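Remember, it's a predicted structure, so these values are computed and weren't measured experimentally.
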Amino acid sequence: MATVLSGTSGALYYKPAGTSATFKAANVDDATDSINIGTFLNFQAGDEVSVGAGTGGTLPAGLTASCFIKDYVPGTGAATFSATAGGVILDLTDAGTDGTTPFTIAFKDFQAVANVRSWNFEVTRDEIDVTSIGGTLGQTAPFRTFISGFADGTGSAEVYFTDDDTGISTRLIEDVTQRNQVGATFKLYMDAVVSAGTPNDAASRSISMEAVLTSASFSVTPDDAQAISINFRPTAAPTFDFAKS
């Protein structure tokens, strides 16, 4: 007999909005050890990022494929990097070489959003009426014929508001106003099996999607914990991983 899952094993993981960009060798200033990765993104000091050389390119010497944001200035787009969170600035000794596609930079790993009261996600399909005329009349009225059309999805998460203004949950709430939403990615666990502090995806069931955040609803009452409802929708087809191995 199958075991019914409960919500106690669910979880929500997130990559912040505005944390995916591209750049070229011309954007690298090895004299100041900085790279212009684009203005008004949402990278923050201490973010662990993955840097890719693109197709056929080579990374600037001194920059590693996995590193941390040391500093980022939204108004200029200039970023510096370190080998560890809060470490010394990486010394860039050349600008690297461009390939046929640009260098890439993106927030590296999903982060667990603590203090999530609940999440939900709904998938809907359009109905297309393909009823044809000229059918044979009978005793009963003919029924219309429909086929399924495009799919769409909407989701929400209720997040408790806390006094920790550095956590990923606060960042999720603030990201609703982030103009550049590229990089916002949700991983919604139906049942999260955690190993060494990290979900074991081979043993867990989840829904993941790139998304845009569409609204945040705030309410405060004397008797309840403060909870903010975040609404989002996917920008592409979600990935449903319900198999366990």
To the nearest 0.5 Å, atom CZ of F103 lies from atom CG of L59 at 6.0 Å
| Side-chain heavy atoms of I230 within contact of L213, under 4.5 Å | yes
* Heavy-atom count around F150 CZ within 6.0 Å, excluding the residue itself: above 12? -> no
Between D94 and A61, the two heavy atoms sitting closest are OD1-N, 2.9 Å
Does the side chain of N115 come within less than 4.5 Å of V113's, by heavy atoms? no
Discussion item. For D164, is there any backbone N or O sitting under 3.5 Å from a side-chain donor or acceptor partner on T170?
Written reply: yes
Residues Y72 and A79: closest non-hydrogen pair is CD1-CB, 4.0 Å
Same cluster or not: F240 versus F232, using hydrophobic residues (I, L, V, M, F, W, Y) connected whenever any side-chain heavy atoms lie under 4.5 Å apart? yes
Quiz item: Do P74 and T39 have side chains that get closer than 4.5 Å, going by heavy atoms?
Solution: no
Applying a strict under-4.5 Å side-chain criterion to I, L, V, M, F, W and Y, I'd like to know whether M190 and F121 cluster together.
yes
### Task
Flag yes if I89 and V49 sit in one hydrophobic cluster, no otherwise; membership is Ile, Leu, Val, Met, Phe, Trp, Tyr, and two members link when side-chain heavy atoms are under 4.5 Å apart.
no
On a heavy-atom basis, the closest approach of A21 and L41 is CB-CD1, 3.7 Å
Show your working on side-chain contact (heavy atoms from CB on, under 4.5 Å) between I69 and I105 and close with a plain yes or no. CA-CA 11 Å; I69 298 290; I105 180 170; 4.3 Å; yes
Between the main-chain N or O of F186 and the side-chain N or O of E210, is there a donor-acceptor pair closer than 3.5 Å?
no
Evaluate whether atom CZ of R117 has more than 12 neighbouring non-hydrogen atoms of other residues, nucleotides or ligands under 6.0 angstrom away. no
Side-chain touch F146/I128, heavy atoms, less than 4.5 angstrom: no
Taken to the nearest 0.5 Å, the spacing of T185 OG1 from Y13 OH works out to 15.5 Å
With a 4.0 Å cut-off, would you call K24 and D98 a salt bridge?
no
Exercise. Is a side-chain donor-acceptor pair under 3.5 Å present for S208 with S206?
Worked result: no
Margin query: I'd like to know if the side chain of N180 reaches the main chain of F40, judged simply by a donor and an acceptor atom lying under 3.5 Å from each other, with no hydrogens or angles considered.
Written below: no
field: Over-ring placement of K15 relative to F110, 6.0 Å and 45° cut-offs
entry: yes
Would you find a donor on one side and an acceptor on the other, under 3.5 Å apart, between the side chain of T97 and the backbone of T58? yes
Flag yes if more than 12 heavy atoms outside F143 fall under 6.0 Å of its CZ atom; otherwise flag no. no
- Item | Cationic N near anionic O, under 4.0 Å, R205 to D241 | no
In terms of heavy-atom contacts, T124 and E122 come closest through CG2-OE2, 3.7 Å
Contact between T80 and D71 at the side-chain level, heavy atoms closer than 4.5 Å - yes or no? yes
Is there a side-chain contact (heavy atoms from CB on, under 4.5 Å) between V159 and L172? Walk through the geometry before answering. CA-CA 9 Å; V159 183; L172 168 61; 4.1 Å; yes
Under-4.0 Å salt bridge between K187 and D201: yes
ask   = Under a 4.5 Å cut-off applied to non-hydrogen side-chain atoms, are L188 and M209 in contact?
value = yes
- Where do T131 and D129 land on the side-chain hydrogen bond (donor to acceptor under 3.5 Å, both in side chains) test, with the steps shown first? CA-CA 6 Å; T131 305; D129 189 339; 2.7 Å; yes
Does S204 use its side chain to pair, donor to acceptor, with the backbone of V193 at less than 3.5 Å? yes
One should read off an interatomic distance between L90 CG and T84 OG1, to the nearest 0.5 angstrom, of 9.0 Å
Checking D47, D165, T166 against R171 for side chain to side chain donor-acceptor pair (under 3.5 Å), the one that qualifies is D47
Heavy-atom closest pair (I207 atom, P238 atom, distance to 0.1 Å) is CG2-CB, 4.1 Å
**Prompt:** Got a donor-acceptor contact below 3.5 angstrom from the R233 side chain to the T154 backbone?
**Reply:** no
Value for OG (S156) from CG (N120), rounded to nearest 0.5 Å, stands at 3.5 Å
request  = Examine distances only and state if a side-chain atom of T101 and a backbone atom of T55 form a donor-acceptor pair shorter than 3.5 Å.
outcome  = yes
F68, I168: one ILVMFWY side-chain cluster at the under-4.5 Å cut-off?
no
**OP:** Kindly say whether V194 contributes a backbone atom to a donor-acceptor pair with the side chain of N200 at under 3.5 angstrom?
**Re:** no
Report the C-alpha separation of I147 and V130 in whole Å, then their side-chain angles, then the decisive distance to 0.1 Å, and conclude whether the side-chain contact (heavy atoms from CB on, under 4.5 Å) test is met. CA-CA 7 Å; I147 61 173; V130 292; 3.9 Å; yes
For this session: Report the C-alpha distance between T19 and N42 in whole Å, list the side-chain angles of each, state the deciding distance to 0.1 Å, and finish with yes or no for side-chain hydrogen bond (donor to acceptor under 3.5 Å, both in side chains).
Result: CA-CA 6 Å; T19 57; N42 195 25; over 6 Å; no
(Q) Hydrophobic cluster membership, with links at side-chain heavy-atom distances under 4.5 Å among I/L/V/M/F/W/Y: are I35 and V51 in one? (A) yes
inquiry  = When you measure from the side chain of N231 to the backbone of T214, do you find a donor-acceptor pair of N or O atoms at a distance under 3.5 Å?
reply    = no
**Asked** Within a strict 4.5 Å, meaning less than it, do heavy atoms of the Y189 and L12 side chains meet?
**Response** no
Please check if any side-chain donor atom of S6 sits under 3.5 Å from a side-chain acceptor atom of T8, or the reverse. yes
Taken to the nearest 0.5 Å, the spacing of K70 NZ from D33 CG works out to 12.5 Å
In this structure, CD of E158 is separated from OG of S118 (nearest 0.5 Å) by 5.0 Å
Margin query: Quick one: does any side-chain atom of N27 pair with a main-chain N or O of I37 as donor and acceptor, under 3.5 Å?
Written below: no
In short, S20 meets G183 closest at the heavy-atom pair CB-CA, 4.0 Å
**Q.** S34 side chain to D29 side chain, donor-acceptor N/O pair below 3.5 angstrom
**A.** no
Exercise. Would a 4.5 Å heavy-atom cut-off, applied to side chains only, mark V116 and Y160 as touching?
Worked result: no
Is it true that K244 and D191 have a side-chain N and a carboxylate O under 4.0 angstrom from each other?
yes
